[in-house]
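Counting from 1, the numbers follow the sequence of the chain as shown. Worth knowing before you read on, the calculation uses all heavy atoms, side chains too, and leaves out hydrogens, waters and symmetry mates.
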Amino acid sequence: RGLSVSQLQELRGNLRESNAEFTIAKNTLTRIASERVGIEIAGEHLEGPTALMFAYDDVVAPAKALTDFVRSSRVLELKTGVMEGQALDVSQIDALASLPPREELQAKLVGLLAGPMTRLVGVLGGPSRSMAYLLNARAEQLGGGEAAEAAD
């Protein structure tokens, strides 16, 4: 109620980009479907016009697009959410929307894992480098350095 067709199309387009869809649903059918899959939605959330958003891959990007639209439209209101069978309240949806995108989280995880491994390789390679420097210094001390200078 209160949204124009162009606003709904804009929202649907934004959600489609993040592999999600937005549809208007009848409360009775929503209640029946949720009961059949074992999700309990409180009765007060199924009063008045109801729309559903389905996110198929990453849930963060669609949640971010939806909460941004809710803030900008000031007409649409979030009631509840369900993720992996667990009910979410509005504050949890806002927290989900504030997370960085999946790719950024994966990059941070790889960075966290790569840092200690890089340091470990450096520590493990240290003794062999030290041995090479030691042998090189000893060769120069025994006259290997003079032969190298004479070759130049």
inquiry  = Let me confirm one number: the OH-CG distance from Tyr56 to Leu15, rounded to the nearest 0.5 Å.
reply    = 11.0 Å

inquiry  = Rounded at 0.5 Å granularity, tell me how far CG in Leu113 sits from NZ in Lys108.
reply    = 14.0 Å

query = Can you check whether Arg71 reaches Thr67 side chain to side chain, under 4.5 Å on heavy atoms?
reply = yes

message = Looking at every non-hydrogen atom in both residues, tell me the closest pair between Met53 and Ala20 and how far apart they are.
response = CG-CB, 4.5 Å

